Amino acid sequence: MTVFKPKVVKKILGVVCSLSLFSASAQIIPSPPQVSAKGYFLVDFTTGKVIAEGEADTKLLPASLTKMMTSYVIGTEILAGNISPNDMVTISEKAWAKNFPESSKMFIEVGKKVSVDDLNHGIIIQSGNDACVAMAEHIAGSESAFADLMNAHAEKLGMTNSYFINSHGLDAPEQFTTPRDMATLGAALIRDVPEEYALYKQKSFTFNGIKQYNRNSLLWDASLDVDGIKTGHTAEAGYSLVTSATKGDMRLIAVVMGTESERARKVESKKLLNYGFRFFETITPYKAGDSFADQRIWMGNKETVSLGITQDTPITIPRGQRKNLKAHFELDQTLTAPLAKGSTVGTLFLQLEGEDIAEYPLVTLEEIEEGSFFSRIYDYLRLQIMQ
């Protein structure tokens with residue numbers, strides 16, 4: 001990754017510094033595509049930059065997108081050691097496949113023992129409603145108690161416009177979510193439970209002698225590197241899809257909810273992803289620990305101190321605008337010794353076309369001790385004169 005080495009233009013005492021990276025004419029970025037859905041959302045996973053949205057906070061029926069939260073709870077329970085993929089689950093009458101005659105299922109049978117691992121595959125790949133109930137009962141004792149867990153996780157993740165009644169997503173009057181919240185949940189699956197998320201790219205799973213294919217048809221699309229996430233459909237909810245795909249170092253999450261057909265949810269999702277990858281890019285101008293500038297420090301054993309940042313600076317910008325990035329930092333005060341390594345002394349701003357698009361704490365990358373008695377007196381007098 002290229003690290004920019006801009007020239008520093010200093011003002012007296014170095015309190016404000018602007019850094020010109022490059023300058024060039026602005027690129028023209030077309031408006032986001034029109035999306036035929038009740039709601040949609042496109043966001044960069046790494047930076048959280050929203051690239052496109054429409055009715056993103058409208059409350060909609062989640063259908064089987066609900067299983068993403070069921071899966072998230074399962075993943076966190078495995079990670080915490082509360083359950084194991086090898087645990088055997090006895091299938092209750094409520095979880096029996098016969099209870100879901102007109103909906104997706106993995107065909108589990110009452111009284112049989114099925115592993116958590118198989119049930120997890122059945123939920124994610126086969127979209128099994130029966131498997132959801134079995135896992136809900138295994139983890140929380142009942143599906144209603146499991147729904148409480150789902151809602152607690154939703155609240156923790158900041159999904160403020162979501163509420164779950166059941167574990168599988170069959171329509172319930174008080175069950176709802178939004179495209180924005182589904183993108184938040186998709187990002188949480190990728191970030192928090194990566195081993196759980198790895199299952200979402202599997203194209204098929206066989207259980208009880210029945211092979212079923214993942215309903216996310218974009219997994220087979222050679223023009224995109226899709227590795228998840230989940231489809232959903234009921235007659236009232238319409239056809240929905242949450243998708244994640246990567247291109248180089250960039251990962252996007254697209255949500256379309258309430259389209260008219262299986263084909264439409266695929267077409268509209270692909271439309272969003274192609275737009276995001278074609279017209280935007282995610283770059284990291286500076287890495288954690290990079291020296292950003294050498295700044296004058298007074299009354300120390302050195303004349304300058306190296307300033308930088310303690311975190312990477314990934315940003316999502318219009319493609320081709322990297323050359324137009326500028327940086328600007330402001331110091332909180334005149335720098336005087338002693339100063340410990342890692343001390344926050346100001347703020348770094350990344351700018352594009354005159355607007356701040358990101359900011360980070362500016363810190364010292366080295367320790368500066370006090371200078372000798374005479375050098376401190378000399379610097380003190382110089383400061384008085386300059387001020």
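Values below: every heavy atom of this structure, side chains too, minus hydrogens, waters and symmetry copies. For clarity, every value in this text was computed on a predicted model and none was experimentally measured. Nothing fancy with the numbering, it's 1 onward along the sequence.
- Checked by atom type, the side-chain pair N120/E196 shows a donor-acceptor distance below 3.5 Å.
- Atom NZ of K49 has 12 or fewer heavy atoms from other residues, nucleotides or ligands within 6.0 Å.
- Between the side chain of D181 and the backbone N or O of T178 there is no donor-acceptor pair closer than 3.5 Å.
- Considering OG1 of T344 and CG of D332, their distance stands at 8.0 Å, rounded to 0.5 Å.
- Distance check, rounded to the nearest 0.5 Å: OH of Y197 to OG of S71 gives 10.5 Å.
- One N or O on the side chain of N151 and one on the backbone of A147 form a donor-acceptor pair closer than 3.5 Å.
- A donor-acceptor contact under 3.5 angstrom links the side chains of E330 and H328, judged on distance only.
- For the pair K105 and F100, the cation does not sit on the ring face, since its NZ or CZ is not both under 6.0 Å from the ring centre and inside 45° of the axis.
- Side-chain atoms of Q175 come within 3.5 Å of backbone N or O of I165 as a donor-acceptor pair.
- Around CZ of R191, the count of heavy atoms belonging to other residues, nucleotides or ligands within 6.0 Å exceeds 12.
- Between the side chains of N324 and E353, no donor N or O sits under 3.5 Å from an acceptor N or O.
- Note: F329 and F292 meet the aromatic proximity criterion, with ring centroids under 6.0 Å apart.
- Taking CG of L61 as the reference point, atom OG1 of T66 lies at 9.0 Å (rounded to 0.5 Å).
- The OG atom of S127 sits 11.0 Å away from atom CG of N216, with the distance rounded to the nearest 0.5 Å.
- In the displayed structure, E55 atom CD is contacted under 6.0 Å by at most 12 heavy atoms of other residues, nucleotides or ligands.
- Using a 4.5 Å heavy-atom threshold, the side chains of E366 and I368 count as touching.
- Taking K94 as the reference, S92, V133, E137 meet the side-chain contact (heavy atoms from CB on, under 4.5 Å) condition, with sequence neighbours excluded.
- Contact annotation: the side chain of Y40 never approaches that of P179 to less than 4.5 Å [non-hydrogen atoms, C-beta and beyond].
- Shown here are the side chain to side chain donor-acceptor pair (under 3.5 Å) partners of H233, two or more places apart in sequence or in another chain: Y239.
- Taking 4.0 Å as the cut-off between side-chain N and carboxylate O, D57 and R180 count as a salt-bridged pair.
- Within the structure, every pair that satisfies the salt bridge (Lys or Arg N to Asp or Glu O under 4.0 Å) test and touches residues 224-241, not counting sequence neighbours, is listed here: D227-R251.
- In this structure, the separation between CZ on R322 and CD1 on I283 is 4.5 Å, given to the nearest 0.5 Å.
- No side-chain donor-acceptor contact under 3.5 Å links T284 and D312.
- A side-chain N or O of D44 and one of T47 form a donor-acceptor pair less than 3.5 Å apart.
- Looking at every heavy atom in both residues, P285 comes nearest to L350 through CG-CD1, 4.3 Å.
- Residue pairs meeting the salt bridge (Lys or Arg N to Asp or Glu O under 4.0 Å) criterion with at least one partner in residues 108-123, sequence neighbours excluded, are E109-K112.
- Hydrophobic clustering of Ile, Leu, Val, Met, Phe, Trp and Tyr side chains at less than 4.5 Å, counting indirect connections, keeps I229 apart from L219.
- Taking the six-membered ring for Trp and thresholds of 30 and 60 degrees, F205 and F207 have nearly parallel ring planes, at less than 30 degrees apart.
- Residue E303 qualifies as open at atom CD: its count of foreign heavy atoms under 6.0 Å is 12 or below.
- Residues meeting the ring-ring contact (aromatic ring centres under 6.0 Å, His included) test with Y213, sequence neighbours left out: none.
- A donor-acceptor pair under 3.5 Å links the side-chain atoms of T364 to the main chain of S343, judged by distance alone.
- Shortest non-hydrogen contact noted between M69 and L185 is N-CD2, 3.5 Å.
- With values rounded to the nearest 0.5 angstrom, L252 atom CG is found 12.0 Å from S269 atom OG.
- Using a 4.5 Å heavy-atom cutoff, the side chains of I357 and I315 are in contact.
- Side-chain N or O atoms of R319 include one that pairs as donor or acceptor with a backbone N or O of F280 at under 3.5 Å.
- A salt bridge does not link E260 to R265: none of the charged side-chain nitrogens sits closer than 4.0 Å to a carboxylate oxygen.
- Of the N and O atoms on the side chains of T46 and T282, not one donor lies less than 3.5 Å from an acceptor on the other residue.
- Counting non-hydrogen atoms of other residues, nucleotides and ligands closer than 6.0 Å to NZ of K98 gives a total of 12 or fewer.
- Put simply, the side chain of N301 gets close to the backbone of E369: a donor and an acceptor are under 3.5 Å apart.
- At distances below 3.5 Å, not a single donor-acceptor pair connects side-chain atoms of Y275 with backbone N or O atoms of L42.
- Cluster note: M88 groups with no other residue, as no ILVMFWY side-chain heavy atom lies under 4.5 Å from it.
- Side chain to side chain, S167 and E143 meet the donor-acceptor criterion of an N or O pair below 3.5 Å.
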